[in-house]
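The block underneath contains the structure these notes are about, expressed in C-alpha cells.
Remember, predicted model here, so these are calculated numbers, not experimental data.
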Amino acid sequence: MHISAKCSVAIHCLIFIYEYGETKKVTSELLSLSTGSNPVTIRTILSSLKKDGILSVKFGTGGSTLNCPPGEITLYRICKAIEPDFASKLIGVHLLPSPLCPIGKNIHNVLDCSYQKIRSDVCESLKNITLETIISDYHNTLNRP
C-alpha cells in the first residue's frame with residue numbers, strides 16, 4: 001500500500017499554517033525548515049492545496065492561510081489534492097504475469113475485485129478523518145508529560 005510522503009508533508013504544513021498562519025507570515029522557506037523538505041517541494045504542495053481551495057497563498061510577499069475550517073478538510077481531500085490518482089496506487093499489482101499461465105493471465109481480474117474493496121474502505125476511512133482531528137491529536141501530544 002502506498003500513500004505518498006507528500007501527503008504527510010502536506011498535513012504537516014496545514015497544521016503549521018493553522019497554528020501560526022494568523023500571527024506569522026508562513027512561507028515555503030519556513031515550512032521547508034519545519035518539514036525538512038525542499039522549498040520547491042513545499043511550493044508544489046501548497047500550489048496543489050491552493051488549487052483545491054484548501055489554502056490561500058499570497059505570492060510575492062508570501063504567506064498562507066486556511067480557506068476553510070479544519071473540520072471541513074478531510075485526509076481524503078488532502079491526498080486527492082496532492083496526488084489525484086493516489087487511490088489507484090494504494091495497492092500495487094505485479095505488471096508482467098505470464099499470459100501462458102492460467103493464473104497469470106487471470107490474476108489481475110481476480111485481484112481487482114478484492115483490491116477495489118480495499119481501496120474503497122481506505123478512501124472511506126480517509127474521508128472520516130479531518131484536519132481538525134489531527135490538530136486535536138497534535139495538541140494532545142503537546143500536553144503529554
Side-chain angles (χ1 to χ4, degrees), residues 1-97 103-145:
M1 298 224 320
H2 180 79
I3 294 179
S4 168
K6 286 182 183 179
C7 292
S8 295
V9 173
I11 294 165
H12 183 134
C13 291
L14 290 168
I15 294 169
F16 194 100
I17 291 165
Y18 176 81
E19 292 291 313
Y20 303 108
E22 298 295 321
T23 58
K24 287 186 178 194
K25 184 167 61 170
V26 180
T27 64
S28 57
E29 286 77 19
L30 184 58
L31 291 169
S32 174
L33 291 171
S34 179
T35 62
S37 298
N38 185 300
V40 173
T41 300
I42 298 298
R43 285 190 283 278
T44 301
I45 289 169
L46 295 181
S47 175
S48 296
L49 295 171
K50 179 184 176 196
K51 189 182 299 182
D52 187 80
I54 295 171
L55 287 180
S56 290
V57 179
K58 295 177 189 163
F59 291 103
T61 59
S64 302
T65 55
L66 294 180
N67 267 351
C68 45
E72 294 177 13
I73 303 169
T74 65
L75 288 186
Y76 179 82
R77 184 175 176 190
I78 295 166
C79 291
K80 193 87 170 144
I82 299 303
E83 291 191 37
D85 61 345
F86 86 94
S88 64
K89 294 179 179 180
L90 280 175
I91 303 173
V93 180
H94 56 298
L95 297 176
L96 300 172
I103 296 168
K105 69 181 177 184
N106 291 294
I107 193 66
H108 284 208
N109 291 332
V110 170
L111 293 176
D112 282 348
C113 295
S114 298
Y115 285 2
Q116 185 52 46
K117 170 78 172 112
I118 294 167
R119 284 184 197 98
S120 294
D121 290 347
V122 169
C123 289
E124 198 57 40
S125 292
L126 292 171
K127 289 176 183 177
N128 289 316
I129 301 170
T130 65
L131 181 61
E132 182 176 56
T133 302
I134 295 171
I135 290 169
S136 177
D137 291 344
Y138 164 70
H139 288 153
N140 288 336
T141 62
L142 294 177
N143 296 324
R144 288 186 189 151

Exercise. Does any donor atom in the side chain of S47 or T44 lie under 3.5 Å from an acceptor atom in the other side chain?
Worked result: no
Problem set entry | side-chain contact (heavy atoms from CB on, under 4.5 Å) evaluation trace for L75 with I134 | CA-CA 9 Å; L75 288 186; I134 295 171; 3.2 Å; yes
For this session: Would you list the pairs meeting salt bridge (Lys or Arg N to Asp or Glu O under 4.0 Å) in which at least one residue belongs to residues 28-40, sequence neighbours left out?
Result: E29-R43
For this session: Could I get the full list of salt bridge (Lys or Arg N to Asp or Glu O under 4.0 Å) partners for D52, not counting sequence neighbours?
Result: R77
Seminar exercise, completed: Of all heavy-atom pairs linking V26 and G21, the shortest is CG2-CA, 3.8 Å
Seminar exercise, completed: Separation between CZ (F16) and CG (L30), nearest 0.5 Å, reads 4.0 Å
For this session: Could you tell me the separation between the CD1 atom of I91 and the CG atom of L111, rounded to the nearest 0.5 Å?
Result: 9.0 Å
Exercise. Any side-chain heavy atom of S34 within less than 4.5 Å of one from H12?
Worked result: yes
Problem set entry | Nearest non-hydrogen partners of C7 and I78, listed with the distance | O-CG2, 4.4 Å
Exercise. How long is the gap from CD1 on I73 to CG on L14, to the nearest 0.5 Å?
Worked result: 6.0 Å
Exercise. Should N128 and T133 count as side-chain neighbours, where that means a heavy-atom distance under 4.5 Å?
Worked result: no
Problem set entry | S120 and Q116, any side-chain heavy atoms less than 4.5 Å apart | yes
Exercise. Can you tell me how far NE2 of H108 sits from NE2 of H94, rounded to the nearest 0.5 angstrom?
Worked result: 5.5 Å
Seminar exercise, completed: In short, T74 meets K127 closest at the heavy-atom pair CG2-O, 3.3 Å
Seminar exercise, completed: Nearest heavy-atom contact between S48 and I82 is CB-CD1, 4.1 Å
Exercise. Are any of the side-chain heavy atoms of K24 and E19 separated by less than 4.5 Å?
Worked result: no
For this session: Working to the nearest 0.5 Å, report the span between SG of C13 and CG of L31.
Result: 4.5 Å
Problem set entry | Sole residue of R119, K6, K80 in side chain to side chain contact (heavy atoms under 4.5 Å, CB included) with F86 | K80
Seminar exercise, completed: In terms of heavy-atom contacts, G53 and N67 come closest through O-CB, 3.1 Å
Seminar exercise, completed: Heavy-atom nearest pair, T65 first then I17, reads CA-CG2, 3.7 Å
Exercise. How long is the span from the OG1 atom in T35 to the CD1 atom in I11, to the nearest 0.5 Å?
Worked result: 13.0 Å
For this session: Answer whether the closest heavy-atom distance between the side chains of L90 and I118 falls below 4.5 Å.
Result: no
